[in-house]
Amino acid sequence: MIRVDVTSEKEEMIWGYANRNGKITSVEYDCGTIDIINGDGDMALYVYPEHVDYLIKALQECKKFVDSMK
């Protein structure tokens, strides 16, 4: 796993970070989809690679909204 929140852990095709309860949330490329796995190891979402840009944009817009509520 390539940990995006630390520099010491690197492997191929899986990216992740420690969420607020310390469990790893990961993003994996598997069989043509990008799978987002929650900290308990359950699949939370899968996204087709051609839709990643849309997901990123949606997350950015959601973050702007959340930040505006502070």
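Hydrogens, waters and symmetry mates play no part in the numbers below; they use all other heavy atoms, side chains included.
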Participant: Taking all non-hydrogen atoms of both residues, which atom of I24 and which atom of G16 are closest, and how far apart?
Facilitator: CG2-CA, 4.5 Å
Participant: What about F65 and L59, same hydrophobic cluster or not, with Ile/Leu/Val/Met/Phe/Trp/Tyr joined at side-chain heavy-atom distances under 4.5 Å?
Facilitator: no
Participant: Give a yes or no on whether the backbone of A18 and the side-chain of D5 come within a donor-acceptor separation of less than 3.5 Å.
Facilitator: yes
Participant: Report the relative orientation of the aromatic rings in Y46 and Y48; use parallel for angles under 30°, tilted for 30 to 60°, perpendicular for over 60°.
Facilitator: perpendicular
Participant: State the SG-CG distance between C62 and L55, to the nearest 0.5 angstrom.
Facilitator: 10.5 Å
Participant: For G32 and P49, which heavy atoms make the closest approach, and how far apart are they?
Facilitator: O-CD, 3.1 Å
Participant: Could you check if a side-chain atom of R3 sits within less than 4.5 angstrom of a side-chain atom of V6, using non-hydrogen atoms only?
Facilitator: yes
Participant: For V27, run the side-chain contact (heavy atoms from CB on, under 4.5 Å) check against V52, V47, I34 and tell me which one passes.
Facilitator: I34
Participant: Rounded to the nearest 0.5 Å, how far does CE of M13 lie from CE of M1?
Facilitator: 13.0 Å
Participant: Is a donor from one side chain sitting under 3.5 angstrom from an acceptor on the other, for T25 and N19?
Facilitator: yes
Participant: Check D67 with K64, please: is the shortest side-chain N to carboxylate O separation under 4.0 Å?
Facilitator: no
Participant: Of all the heavy-atom pairs spanning W15 and Y29, show the shortest one and how long it is.
Facilitator: CZ3-N, 4.4 Å
Participant: Please check: side-chain N/O of D40 versus main-chain N/O of D42, any donor-acceptor pairing under 3.5 Å?
Facilitator: no
Participant: Are the side chain of D53 and the backbone of I56 linked by a donor-acceptor contact shorter than 3.5 Å?
Facilitator: no
